[in-house]
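Below is one structure, written out as structure tokens, with a few remarks after it.
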Amino acid sequence: MASDDRPLALTLGDPSGIGPEIALAAWQLRGERGVPPFQLIGDPEFLEATAYRLGLSVPVAEVEPDDACEVFPRALPVLPLPSGAKVIATPGAPDSANAGAIVESITAAVDLVRSGAASAVVTNPIAKFVLTRVGFAHPGHTEFLAALAAREGREPPLPVMMIWSDTLAVVPVTIHVALRRVPELLTQDLVERTARIVHSDLRARFGLEHPRLVLSGLNPHAGESGTMGTEDRDVLAPAVAVLRSEGIDIRGPLPADTLFHERARATYDVALTPTHDQALIPVKTLAFDEGVNVTLGLPFVRTSPDHGTAFDIAGKGIAKPDSLIAALRLAHRLAHRPADTVLPFPVRA
């Protein structure tokens, strides 16, 4: 199979959430919205039943990986779980009985990409509490993908979460941790490693020759010279100095409250922030339906919708597929970008 013909590998996500129905909706909009070929790894019978229950005219075809692109124009290609596991799920009622299928779908998607049978991984949303109840040992989706990407006998790569949209791209340096733990986790080494990965992947994946980064402060007014916290002065500023000495274009730490208005956004390509919410509040405010979660630092392309399982609206037929479609389109563009092109990015000044 030629590399340009490889489909995307889309995971099942939590079957009690909106993942299955937005996958069906994305396939329906394939022509209108320019959705690239993808195959969903899951239970074909479950997908058929979901389409029927929602009244969606989506034929489902059980496929082998080599058949997905040929089938895609006329049916949603579904690759059965390697174990043959069946999925039984009630919309809005997460059930740890499906944890094995959720994990198996993710693992199979990574295997497809690493074997060359798929071009990139796109993940539907999962709920971590569903998995941790049965012993899932990873803090989240991203960390599990990093573990799957690890070479035998080596530490997993550091995965970096970037939320990308046409309006704004952001990277939280610390991710899914309690706010009270951030000061102890926010080390100079972590800031430097994160920024290097962002800089490298913007060049290699997106084609930006000279990425412009900015780092927000942790404390109000970026610490006000140490009067409102010392982390900005003692951790963030030294990290920026080291990175600049390496030739990386990064500014900061700058006050977070003035970093995201229109004029400020025009001066950088990606904003790094010390905490999760400092990054995700502005991007979800500006581009809630179009945001894409892109994992940097992995040896393969991985994107996902920038939203969760939405159990409260699952099965009601009102979930919008916009973010999943954006994730599918961006994954395809990243995986197939010609070497001499630059992918669209938030508007540069």
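Numbering of residues begins at 1 and proceeds along the displayed sequence.
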Donor-acceptor pair between E104 and S83 side chains, under 3.5 angstrom: yes

Among L208, V170, L202, V214, the one residue meeting side chain to side chain contact (heavy atoms under 4.5 Å, CB included) with V270: L202

Sidechain N-carboxylate O distance under 4.0 Å for R196, E246: yes

Flag, side chain of N124 to backbone of T11, donor-acceptor distance under 3.5 Å: yes

Connected via hydrophobic side-chain network under 4.5 Å: F46 and L40: yes

Single-linkage hydrophobic cluster L145~L330, side-chain heavy atoms < 4.5 angstrom: no

For H276, all residues meeting ring pair (Phe, Tyr, Trp, His ring centres under 6.0 Å), sequence neighbours excluded: H176

Distance (rounded to the nearest 0.5 Å) between N293 CG and I163 CD1: 4.0 Å

Test item: side-chain donor near acceptor, R205 and S200, under 3.5 Å: no

Donor-acceptor side-chain pairing of R181 and T174 below 3.5 angstrom: no

No-hydrogen, no-angle side-chain donor-acceptor test under 3.5 Å, Q278 and T275: yes

Donor-acceptor side-chain pairing of N219 and D232 below 3.5 angstrom: yes

Among D289, D306, L328, I22, side chain to side chain contact (heavy atoms under 4.5 Å, CB included) partner for S323: D306

Gap separating the CG atom of L179 from the CG atom of D277, nearest 0.5 angstrom: 8.0 Å

Distance-only side-chain donor-acceptor flag, T123 / R302, under 3.5 Å: yes

Test log, rule side chain to side chain donor-acceptor pair (under 3.5 Å), inputs S119 and R6: CA-CA 5 Å; S119 61; R6 292 176 299 160; 5.4 Å; no

Hydrophobic cluster membership, L56 vs V71, 4.5 Å side-chain cutoff: no

Side chain to side chain, P7 and P77, heavy atoms closer than 4.5 Å: no

Straight-line distance of K86 NZ to N98 CG, nearest 0.5 Å: 13.5 Å

L185 atom CG, neighbour heavy-atom count above 12 within 6.0 Å: yes

Neighbour count above 12 (heavy atom, 6.0 Å) for K320 NZ: no

Separation of L112 CG from L8 CG (nearest 0.5 Å): 11.5 Å

Parallel, tilted or perpendicular, as decided by the 30° and 60° cut-offs, for the rings of F144 and F136: perpendicular

L218 vs L186, side chain to side chain contact (heavy atoms under 4.5 Å, CB included): CA-CA, chis, key distance, verdict: CA-CA 9 Å; L218 172 65; L186 189 68; 4.1 Å; yes

Same cluster (ILVMFWY, side-chain, under 4.5 Å), V63 and V78: no

Interatomic distance, L324 atom CG to T303 atom OG1 [nearest 0.5 angstrom]: 8.0 Å

L24 side chain reached by L47 side chain, heavy atoms, under 4.5 Å: yes

Within 6.0 angstrom of E262 CD, more than 12 heavy atoms from elsewhere: no

V191 and its side chain to side chain contact (heavy atoms under 4.5 Å, CB included) partner, picked from V240, L236, I250: L236

